Amino acid sequence: MATLNVKINNLQLQNPVMTASGTFGYGLEFADLVPLDRLGAIIVKGTTLEPREGNDYPRMAETASGMLNCVGLQNKGVDYFCRNIYPQLRDIGTHMIVNVSGSSPETYAECAARIDELDRIPAIELNISCPNVRQGGMAFGVTCEGAASVVRAVRARYHKTLIVKLSPNVTNVADIARACEAEGADSVSLINTLMGMAIDIEHRRPKLSIGTGGLSGPAVKPVALRMVWQVARAVKIPVVGLGGIMTAQDAVEFLMAGATAIEIGTANFIDPTVTIKVIDGLNAWLDAHGCRSVSEIIGALED
Ligand SMILES: Cc1cc2nc3c(=O)[nH]c(=O)nc-3n(C[C@H](O)[C@H](O)[C@H](O)COP(=O)(O)O)c2cc1C
C-alpha cells in the first residue's frame, strides 16, 4: 500500500483527505457512520467571536450538479465552542481544525487568539469570504488589501498553522494568494463557494431568502481545479484544494494540479461515508499506478 501522509507547515496528516467546513458539523454528528480517526483532519463549522443566528430560511437550493446555500455562518460563538464543543473533540483521534470567520480584522484576530489556547487544535482555517462591515459588506477576500488586513491581524495573535481559505469570486486569485503568503499564511485552501442565484419562476422570487448564495458541488470543480493550479504555481506555501470533489479520481486531479491535501464538502450530504471511499480509492489508484507515496503525484501535471 502506498503511503498517504502529507505535511502542511508542521502539521502532519496521515492522509490528504479532510472535511470541508460547514459540511461535516463538528465531526461528532458523523461518528456513527464514519471512522473519524481515519480522516486526515476534520475542519469544523465556521466559528465567530460572537454567536450568529444565520440567515432566514430557505437557505439551500438544489441546482444542476450542485447546490446553493446562504446559511450565513450560524454558530454559537467561540466561547461556546471552547467550553462545550472542544472537550468532546479532544479524543476524536485525528486533527481538528477550526474554521474562523469574522466581520473585522479585530474580531477575526480575537477569535483566533482564543483558539490558539486550545492545545488539541493544531491549526485554523481563516474564512476570508466574510463581508467587511466597515466597507459596505464587500468580502475581505476579494481584494489583496482586504485579505492582507485579516491575515496580518490574525498572524500577530495566532501562533500555530494558519491556513487561509480563498474566495473564488475574484479576478486574479493568484494575486490574493501571494498577498496572504506575504503576511505569513502557512498555507492557502481554495475554493470557497462561488456566488450564484436560483429563481422560483412561479412566485417570481429568488429561491434563497437573501437572493444570492454560494454554489458548491460538482458544478464548481473545473473552476476550482483551474484556480488551484494557478495558485500552486504562484506561491511556495502548500495549497489545499477543494470544490466539487466526489471521488478519488477527482482528488487525484487536485493533487496533480498542485494541491498537497484536499477537502470534501457537498459530497458528504450525498454520501456521508465519501471521505473514507476517497481515502481507500486514492490508495488503490496509487497502487494501480505503481506509486509508493502520494507525494509522487502532487504537482505532477506534465506540461
Ligand atoms: C452548507 C454549507 C456550509 C458552509 N459553511 C462554510 C463555513 O462555515 N466556512 C467556510 O469557510 N466554508 C463554508 N462552506 C464552503 C465549503 O467549505 C466549501 O468551500 C465549498 O462548499 C466547496 O467545496 P464542495 O464543492 O466540496 O462543497 C460551506 C458550504 C456549504 C455547502
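Counting starts at 1 for both ligands and their atoms, following the listed order. This one's a predicted model, so the numbers in the text were calculated from it and none came from an experiment. Note: hydrogens, waters and symmetry copies are ignored here, and every other heavy atom, side chains too, is used.
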Legend entry - Which of the ligand 1 atoms, numbered from 1, are nearer than 4.0 Å to a heavy atom of I191: 19 (O), 22 (C)
Inset, instruction - If you have a sec, work out which protein heavy atom is nearest atom 31 (C) of ligand 1 and how many Å separate them, to one decimal? - result: N69 ND2, 3.5 Å
Legend entry - Nearest neighbour in protein (non-hydrogen) for atom 18 (C) of ligand 1: L242 CD1, 3.5 Å
Inset, instruction - May I ask you to check whether M60 has an N/O atom sitting below 3.5 Å from an N/O atom of ligand 1? - result: no
Legend entry - Minimum-distance protein heavy atom relative to atom 11 (O) of ligand 1: N99 ND2, 3.0 Å
Inset, instruction - Kindly identify the option in G213, A20, S21 whose heavy atom sits closest to atom 7 (C) of ligand 1. - result: S21
Inset, instruction - Would you mind checking if D116 and R157 are paired as a salt bridge, meaning a charged N to carboxylate O distance below 4.0 Å? - result: no
Legend entry - Nearest-neighbour protein heavy atom for atom 20 (C) of ligand 1, which is reported as residue plus atom name and distance: T193 CG2, 3.8 Å
Legend entry - Atoms in ligand 1 with a heavy atom of L73 nearer than 4.0 Å: 8 (O)
Legend entry - Nearest neighbour in protein (non-hydrogen) for atom 8 (O) of ligand 1: G46 N, 3.3 Å
Legend entry - Side-chain heavy atoms of N10 within contact of T161, under 4.5 Å: yes
Inset, instruction - Output yes when E296 and R292 qualify as a salt bridge under the 4.0 Å nitrogen-oxygen rule, no when they do not. - result: no
Legend entry - Check: F269 N/O within less than 3.5 Å of ligand 1 N/O: no
Inset, instruction - Report the relative orientation of the aromatic rings in F140 and Y108; use parallel for angles under 30°, tilted for 30 to 60°, perpendicular for over 60°. - result: perpendicular
Inset, instruction - State whether the side chain of E29 and the backbone N or O of G27 hold a donor-acceptor pair below 3.5 Å, judged by distance alone. - result: yes
Inset, instruction - Before accepting this row, confirm whether a basic side-chain N of the pair E183/R152 lies closer than 4.0 Å to the acidic partner's carboxylate O. - result: yes
Inset, instruction - Decide if atom NZ of K76 counts as having more than 12 heavy atoms of other residues, nucleotides or ligands within a radius under 6.0 Å. - result: no
Inset, instruction - Side-chain contact test, heavy atoms from C-beta onward, threshold under 4.5 Å: evaluate it for L208 versus T212 and give yes or no. - result: no
Inset, instruction - Taking the side chain as every heavy atom from C-beta outward, state whether V188 and I163 have any pair of such atoms under 4.5 Å apart. - result: no
Inset, instruction - Could you tell me whether V220 and ligand 1 have an N or O pair separated by under 3.5 Å? - result: no
Inset, instruction - Provide the closest heavy-atom pair for T193 versus S216 in the form atom of the first, atom of the second, distance. - result: CG2-CB, 4.0 Å
Inset, instruction - Work out whether the distance between some heavy atom of N75 and some atom of ligand 1 is less than 4.0 Å. - result: no
Inset, instruction - Output yes when the distance from some N or O of ligand 1 to some N or O of V71 is under 3.5 Å, and no in every other case. - result: no
Inset, instruction - Provide, to 0.1 Å, the distance between atom 26 (O) of ligand 1 and the closest protein heavy atom, together with that atom's residue and name. - result: G265 N, 3.0 Å
Legend entry - Option of least heavy-atom distance to atom 10 (C) of ligand 1 (set: R59, K165, M67): K165
Legend entry - G244: numbered ligand 1 atoms lying under 4.0 Å from its heavy atoms: 24 (P), 25 (O), 26 (O)
Inset, instruction - Give the residue and atom name of whichever protein heavy atom lies nearest to atom 21 (O) of ligand 1, and the separation in Å to one decimal. - result: S216 CB, 3.2 Å
Legend entry - Any G217 heavy atom less than 4.0 Å from ligand 1: yes
Inset, instruction - Using a 4.5 Å cut-off on heavy atoms from C-beta on, say whether the side chain of D186 contacts that of I8. - result: no
Inset, instruction - Would you mind running through ligand 1 and noting each atom that sits below 4.0 Å from a heavy atom of T266? - result: 24 (P), 25 (O), 26 (O), 27 (O)
Legend entry - Residue and atom name of the nearest protein heavy atom (relative to atom 15 (C) of ligand 1), distance in Å to one decimal: N192 OD1, 3.5 Å
Legend entry - Positive for side chain to side chain contact (heavy atoms under 4.5 Å, CB included) with T19, one of I264, V44, T275: T275
